[in-house]
Amino acid sequence: MTSGRGLSMSELLAQGGRSFSFEFFPPKDAAGEDQLWQAIKELEPYGPTFVSVTYGAGGGTRDRTVAITGRIARETGLLPVAHLTCVGHTTDELTAILDELSTAGVRHVMALRGDPPTGPGTAWTPTEGGLTYANELVALIRERADMRIGVAAFPEGHVDAADLETDARVLKAKYDAGAEFAVTDMVLRASDYVALVERAAAAGADFPIIPGIMPILNLGSMRRMVEFSRRELPEETTARLTPYADDPARLRAEGIAIATELCEALLGAGAPGLHFYTLNRSKATREIFANLRITV
Ligand code: FAD
């Protein structure tokens, strides 16, 4: 059964077997826009299940997220998923954005709380007249818009979650509110993803959970990104990369090898697909696909 919202992620996954998807962010200027569309053009032939476009931290990319997802819907054969966060918005504003997305032809949304403007792990204060948690945004979307909904999941638990069981209950609350799939934060160890899926199943969150992949191409910037989210790179990963600290080309090659092994382990463990954080470039994803023998 399908509705005006289009196929559910479960239906899409069932149709195409394993799902491959790509995440982009709204660029700030014309050069960034060219780079994004070049990446979309290079990745479209792989026939991804969906491509998603983030909603800028602090809630600042409303117009660009709507414009890019709308253009993807109009000008490509790809299925766009627009991210939306609660940060800085009242429920009336969120409803207006959902209307804009709908008018632009976007039928899938990632419903997120968003990080506090001061960064992950700092105090979260909801906007007056807005929403506190992502499960409330899922419920709002179910009530006000005809859309399919995805949510965030965290392989090591969300930074603010009291413990891993509470974290799984939060995922279940998002499932109960009407979310149909989840995408994880970047997975650093396959075993963390497997444990998350087990916790989610035990809590009754019975939907596909797609692991997020971000290859390490530069050790310094990955370390900063991981530390910003209050996580740590696994010792085994840094041990493999540190010998190439002064050789960017070999470090990049080892980063691609590590990501390939991670993808193989995740698929081997039964992951329904892989979601690539592309940073608006296609090269690393295409290299991993070549290693996995995924062709256009
Ligand atoms: P929630 O599910 O609301 O959880 C937030 C915190 O509140 C957690 O610690 C949770 O345990 C706790 N919590 C939830 N519900 C309750 C409750 N009822 N009672 C008590 N505590 C509760 N950020 C952006 O700004 N833009 C993006 O486009 C974006 N895309 C993302 C995509 C993915 C796949 C992922 C994994 C994250 C993304 N983020 C994005 C980051 C995300 O917004 C942050 O990690 C945010 O801190 C958590 O969002 P959430 O939707 O999981 O929030």
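Bear in mind the structure is a predicted one, so any value in this text is a computation, not a measurement. Note that ligands are numbered from 1 as they come in the structure, with each ligand's atoms numbered from 1 the same way.
Taking every non-hydrogen atom of V183 and a distance limit under 4.0 Å, the qualifying atoms of ligand 1 come out as 34 (C), 36 (C). Within ligand 1, counting atoms from 1 as listed, the ones closer than 4.0 Å to a heavy atom of A161 are 9 (O), 11 (O). Here is the list of ligand 1 atoms found below 4.0 Å of a heavy atom in A152: 35 (C), 36 (C), 37 (C), 52 (O).
The shortest N/O to N/O separation between H158 and ligand 1 falls below 3.5 Å. Close N/O approach between D185 and ligand 1 is not found [any backbone or side-chain N/O within under 3.5 Å]. Considering both main-chain and side-chain atoms, G114 comes within under 3.5 Å of ligand 1 through a nitrogen or oxygen pair. Checking only distances, A134 does come within under 3.5 Å of ligand 1, N or O to N or O. In terms of N/O distances under 3.5 Å, ligand 1 is approached by D115.
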**Asked** Checking salt bridge (charged side-chain N to carboxylate O under 4.0 Å, His left out) for the pair D99/R144: CA distance, chi angles, key distance, verdict?
**Response** CA-CA 9 Å; D99 288 344; R144 306 275 175 89; over 6 Å; no
**Item:** Working for salt bridge (charged side-chain N to carboxylate O under 4.0 Å, His left out), residues R252 and E287
**Value:** CA-CA 11 Å; R252 189 182 186 286; E287 286 170 354; 2.7 Å; yes
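A salt bridge does not link R230 with E156: none of the charged nitrogens is closer than 4.0 Å to a carboxylate oxygen.
Of the listed residues (Y55, F25, Y133), the one carrying the non-hydrogen atom nearest atom 15 (N) of ligand 1 is Y133. Considering each of R113, H275, M186, the one bringing a non-hydrogen atom nearest atom 5 (C) of ligand 1 is R113. Selection from T184, V170, L112, V87 by nearest heavy atom to atom 10 (C) of ligand 1 gives V170.
Listed for the S282 side chain is no donor-acceptor partner under 3.5 Å among the backbone atoms of A39.
Contacts with ligand 1 closer than 4.0 Å are made by side-chain heavy atoms of H83 only, the backbone lying farther away. The part of K174 lying near ligand 1 is the side chain, judged by heavy-atom distances below 4.0 Å. Both the backbone and the side chain of T54 come within 4.0 Å of ligand 1, counting heavy atoms alone. Under 4.0 Å from ligand 1, not a single heavy atom of W124 appears. Contact annotation for T85 and ligand 1: only side-chain heavy atoms (C-beta onward) come within less than 4.0 Å of the ligand. By the criterion of a heavy-atom distance under 4.0 Å, the side chain of Y277, and not its backbone, is placed next to ligand 1.
Annotation: E232, atom CD; neighbour count of heavy atoms from other residues, nucleotides and ligands within 6.0 Å does not exceed 12. Within a 6.0 Å sphere centred on CZ of R281, other residues, nucleotides and ligands contribute 12 heavy atoms or fewer. Under a cut-off of 6.0 angstrom, the local environment of CG in D246 is sparse, with at most 12 non-hydrogen atoms contributed by other residues, nucleotides or ligands.
D92 and T95 form no side-chain donor-acceptor contact under 3.5 Å, judged by distance and modelled atom types alone. If you check the side chains of H83 and T54, you find no donor sitting under 3.5 Å from an acceptor.
At least one heavy atom of F154 sits closer than 4.0 Å to an atom of ligand 1.
Between F207 and Y175, a ring centre-to-centre spacing shorter than 6.0 Å is recorded. For F20 and F276, the gap between ring centers reaches or exceeds 6.0 Å.
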